[in-house]
Asker: 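The structure's right below; bear with me while I get my questions together.
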Amino acid sequence: MSAESQTQPQTQHSMLAPTDHDEFARQEFVRSYKEYLVHNVHQGNEKRYESSVKPAFEKKHNRPPKDRFEVAKEMTKDPYYQMFSSLLRTSQEMMWSSCQLPVERNLEELNAKVNQVTDGAVKGSLKLDENLATPRYHKAVDIHCQPGGYHNEFADKDASSGMVYDRAVHIYAMAQLGPYNDDIGASIIMWLQEKYPDFKPKRILDMGCSVGHSTIPYAEAFPDAKIYGIDVAAPMLRYAHARAESLNVPVHFSQQNAEKTNFKSGSFDLIVSHILLHETSEKAIHNIVKECHRLLKPGGMMAHGETPPYKNMSPFDAFMLDWDTRNNNEPFWARSHEIDLHKLSEKANFDPSKKIEEMIPSALQVAQARRSEVFQGGDFGGGGLWFVYGNKK
Amino acid sequence: MTSRKLQRKAHGQRPYFFDDPNVDKLVSMIMGLAGEVSVMHDRADTLERLLQTKGLVTQKEIREFQPSIEIMDERAAWRKTYLSEILRIIEGELEGTARGDLDPYEKAVKTVEAD
Ligand SMILES: C[S@@+](CC[C@H](N)C(=O)[O-])C[C@H]1O[C@@H](n2cnc3c(N)ncnc32)[C@H](O)[C@@H]1O
């Protein structure tokens, strides 16, 4: 059996925008298209680099390119790389469009369904703040090319960006975040439970929770804890709340900026974030770490899940990883992957002797390896590893 | 241009990779087409499987089918969405221009790095 045939479909929870035959087929095509690029086209860049781009550079300069900038100068002129990039950008645009179509077709009805849950909240809660400003770093460009970004609203009490995002993440990750798109949260939990088996957080905050993909597994792993999720974007939170309720998981969502929240100092035992930091800004990332310090109880912990930093990476690998900065509307991607994170922690008064920095295995990948022999090589799709940066207080 | 409820183009300058941006646009159109052909393939596959299971239609009947005026109208409406999918790159450019979404990308990097 091939690795691909083992991909699990996204769980059809009741808030997920239904797709008709052709809408579903269109989304499936984009997933196949992305998989094809990853498995068959992407690797050609390195071959081009090693076989022609780098030798040409060495001939001219008597040395290999010294950093990702020098690699970029040459690679962006290479026709193979140009075609690869053009195809990859197009796949991203088609992904969003294919996820918008079913949402657009039923917008009023879907919004009504989401807001009905919002009005009659059962277990968790939702607090929106109309006056919260959308940060400048979200207005500069629409992050990872989602038209309208996280925050724009296209109808009254709109949750469309959350609906579109929920489906798009599944396609973007080519199902590798699991049927609930929760692998980053699940992986941090798996790591916490193995490394700190006695740590039983009572109050947990997930910063930049989006639609709650990574938030939900904390409620399941720590059933005695109270779980909070904050985000700046109202449409994401409306959907997050409806989704959590429909999955029967109590989470308290509120619209707040992680740089400066209205929680009392020392409110939390555990503060987590999942792929939030790279979507902020230079000032914001400083503020967020400071805010974590203020919000943590002594003995508490912050843990931020991200993709690995650029250090120790070859100039070519760093160049390829940087593709998103310029080409997928991720303007802070490069800088956030080069920043000295532990300096941020020190500036925020964290004790450097309690710092956390680890590469952790993907929970989904570990689960799959346990189920079958097929994945034991550890080369399923992406790296199969997440990077955790954090600190204990 | 077709009217849509949601925004079509992501805010931010769209990168073009070839010396002539029209090549990138062609790539986008071709992949759009490839996607729609794939959708049609799935649909035809669904239908043929259902029909064969139910013993309702033969291959000959499919080959010799003649659409009515009504069917032709419905198919024309379908093709409008179809074309809009293929020409998304052009529509998006127009939408962005109309919105005044014209800032150079570097400005966004500078903004967030200095923010
Ligand atoms: C990539 S998504 C996070 C995905 C989510 N944590 C998960 O694991 O599925 C980034 C989210 O962070 C939010 N965000 C960005 N800056 C923020 C800030 N300063 N405070 C709160 N939320 C923020 C965005 O609105 C967006 O929903």
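In what follows, chains carry the letters A, B, and so on, assigned in the order in which the sequence lines appear, proteins first and then strands, with residues in each chain numbered from 1.
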Asker: What part of B/Arg88 gets within 4.5 angstrom of chain A, counting heavy atoms only: side chain, backbone, both, or neither?
Answerer: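 For B/Arg88, the side chain is the part near chain A, not the backbone.
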Asker: Can you check whether B/Gly12's main-chain N or O pairs, donor with acceptor, with A/Asp142's side chain at less than 3.5 Å?
Answerer: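 Side chain of A/Asp142 to backbone of B/Gly12, a donor-acceptor pair under 3.5 Å: no, none is there.
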Asker: Would you find more than 12 non-hydrogen atoms of other residues, nucleotides or ligands less than 6.0 Å from A/Lys73 atom NZ?
Answerer: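 No, because the 6.0 Å sphere around NZ of A/Lys73 holds 12 heavy atoms or fewer from other groups.
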Asker: Return the CD1 to CG distance between A/Ile285 and B/Asp115, rounded to the nearest 0.5 Å.
Answerer: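 The CD1 atom of A/Ile285 sits 12.5 Å away from the CG atom of B/Asp115.
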Asker: In Å and rounded to the nearest 0.5 Å, what is the CG to OH distance from A/Asn327 to B/Tyr105?
Answerer: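 Interatomic distance, A/Asn327 CG to B/Tyr105 OH, rounded to 0.5 Å: 8.5 Å.
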Asker: Going by side chain to side chain donor-acceptor pair (under 3.5 Å), name the residues that satisfy it together with B/Glu64, two or more places apart in sequence or in a different chain.
Answerer: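 Once residues adjacent in sequence are excluded, the partners of B/Glu64 under the side chain to side chain donor-acceptor pair (under 3.5 Å) criterion are B/Lys60.
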Asker: Could you name the residues of residues 15-25 of chain A that have a heavy atom within less than 4.5 Å of a heavy atom in chain B?
Answerer: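 A/His21, A/Asp22, A/Ala25, listed by number.
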Asker: Side chains of B/Arg4 and A/Leu101: does their closest heavy-atom pair fall under 4.5 Å?
Answerer: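 With C-beta onward as the side chain, the pair touches.
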Asker: Strictly distance-based, threshold 3.5 Å: is any side-chain N or O of B/Gln13 a donor or acceptor partner for the main-chain N or O of A/Val141?
Answerer: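 The answer is no, because no donor-acceptor pair under 3.5 Å joins these two groups.
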Asker: Counting only N and O atoms by type, is there a donor-acceptor contact under 3.5 Å from the side chain of A/Glu104 to the main-chain atoms of B/Lys5?
Answerer: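 Yes, because the side chain of A/Glu104 sits within donor-acceptor range (under 3.5 Å) of the backbone of B/Lys5.
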Asker: Taking every heavy-atom pair that is under 4.5 Å apart, which of B/Thr111, B/Thr46, B/Val23 has the most such pairs with chain A?
Answerer: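 If we count pairs closer than 4.5 Å to chain A, B/Thr46 comes out on top.
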Asker: Are there more than 12 heavy atoms of other residues, nucleotides or ligands under 6.0 Å from atom CD1 of B/Ile69?
Answerer: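 No, CD1 of B/Ile69 has 12 or fewer neighbouring heavy atoms, counting only those of other groups under 6.0 Å.
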Asker: Which pair of non-hydrogen atoms, one from B/Val112 and one from A/Thr280, has the smallest distance, and what is that distance?
Answerer: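 Minimum heavy-atom contact is CB-O, 4.2 Å.
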Asker: Will you find, in the side chains of B/Arg8 and A/Ser97, an N or O donor that is under 3.5 Å from an N or O acceptor?
Answerer: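 Result is yes, a qualifying pair exists.
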Asker: Could you look at B/Ile89 and say if it's the side chain, the backbone, both or neither that has a heavy atom under 4.5 Å from chain A?
Answerer: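 The answer is the side chain of B/Ile89.
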Asker: Between A/Glu108 and chain B, which part of the residue has a heavy atom less than 4.5 Å away: side chain, backbone, both or neither?
Answerer: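 Contact with chain B involves the side chain of A/Glu108 alone.
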Asker: Let me know if A/Val30 has heavy atoms under 4.5 Å from chain B in its side chain, its backbone, both or neither.
Answerer: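 No part of A/Val30 comes within 4.5 Å of chain B.
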Asker: What closest approach, in Å, do B/Met31 and A/Phe29 show between heavy atoms, and which atom pair accounts for it?
Answerer: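 The pair with the smallest heavy-atom distance is O-CE2, 3.8 Å.
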Asker: Report, as yes or no, whether the 6.0 Å neighbourhood of atom CD on A/Glu338 holds more than 12 heavy atoms from other residues, nucleotides or ligands.
Answerer: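 Result for CD/A/Glu338: enclosed.
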Asker: I'd like to know which of A/Ser281, A/Pro147, A/Ala140 tops the heavy-atom pair count under 4.5 Å against chain B.
Answerer: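 When all of A/Ser281, A/Pro147, A/Ala140 are compared, A/Pro147 has the most.
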Asker: For the atom pair CZ (A/Arg26) and CD (B/Glu36), what is the distance rounded to the nearest 0.5 Å?
Answerer: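 Between atom CZ of A/Arg26 and atom CD of B/Glu36 there are 4.0 Å.
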Asker: Side chains of B/Leu6 and A/Ser160, heavy atoms from C-beta outward: is any pair under 4.5 Å?
Answerer: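 B/Leu6 reaches A/Ser160 side chain to side chain.
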Asker: What do you reckon, is CG of A/Asn40 surrounded by more than 12 foreign heavy atoms closer than 6.0 Å?
Answerer: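 Check passes, neighbour count above 12.
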Asker: Does any backbone or side-chain atom of B/Ala34 lie under 4.5 Å from a heavy atom of chain A? Answer side chain, backbone, both or neither.
Answerer: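 B/Ala34 touches chain A through backbone and side-chain heavy atoms alike.
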Asker: I'd like to know if A/Glu93 pairs up with B/Lys9 as an ion pair, taking the criterion as any Lys NZ or Arg NE/NH1/NH2 lying under 4.0 Å from an Asp or Glu carboxylate oxygen.
Answerer: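 B/Lys9 and A/Glu93: not salt-bridged.
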Asker: Give me the ring orientation class for B/Phe17 and A/Tyr81: parallel if the planes are under 30° apart, tilted from 30 to 60°, perpendicular past 60°.
Answerer: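 Aromatic pair B/Phe17/A/Tyr81 classed perpendicular.
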Asker: Who among A/Ser161, A/Ser98, A/Gly148, A/Ser91 has the most heavy-atom pairs with chain B under 4.5 Å?
Answerer: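 That would be A/Gly148.
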Asker: Could you tell me which non-hydrogen atom of A/Asn329 sits nearest to which non-hydrogen atom of B/Ala10, and how far apart they are?
Answerer: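 Of all heavy-atom pairs spanning A/Asn329 and B/Ala10, the closest is ND2-CB, 4.0 Å.
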Asker: Counting heavy-atom pairs closer than 4.5 Å to chain A, which one of B/His41, B/Met40, B/Lys110, B/Glu106 comes out on top?
Answerer: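 Answer, by heavy-atom pair count under 4.5 Å with chain A: B/Glu106.
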Asker: Report the option among A/Glu282, A/Met94, A/Glu28, A/Arg89 that has the most heavy-atom pairs separated by less than 4.5 Å from atoms of chain B.
Answerer: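 Sorted descending by pairs with chain B, the first entry is A/Arg89.
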Asker: Relative to chain B, which segment of A/Tyr33 carries a heavy atom at a distance below 4.5 Å: side chain, backbone, both, or neither?
Answerer: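 Just its side chain gets close to chain B.
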Asker: Under 4.5 Å heavy-atom distance to chain B, tell me which part of A/Pro135 shows up: side chain, backbone, both or neither.
Answerer: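 Neither part; nothing is under 4.5 Å.
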Asker: Nearest 0.5 Å, please: how far is OG in A/Ser86 from NZ in B/Lys25?
Answerer: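 Answer rounded to 0.5 Å: 11.0 Å.
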Asker: For A/Gln100, which atoms come within 4.5 Å of any heavy atom of chain B: side chain, backbone, both, or neither?
Answerer: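 For A/Gln100, backbone and side chain are both near chain B.
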Asker: Check whether any side-chain heavy atom of B/His11 lies under 4.5 Å from a side-chain heavy atom of A/Asn152, and answer yes or no.
Answerer: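 No, too far: nothing below the 4.5 Å cut-off.
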Asker: Backbone N or O of B/Phe18 within a donor-acceptor pair of the A/Gln82 side chain at under 3.5 Å?
Answerer: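 No, the answer is negative, given that no donor and acceptor are paired below the 3.5 Å cut-off.
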Asker: Chain B: which of A/Glu330, A/Arg335, A/Arg136, A/Lys139 shares the most heavy-atom pairs with it under 4.5 Å?
Answerer: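 Going by pairs under 4.5 Å, I would pick A/Arg136.
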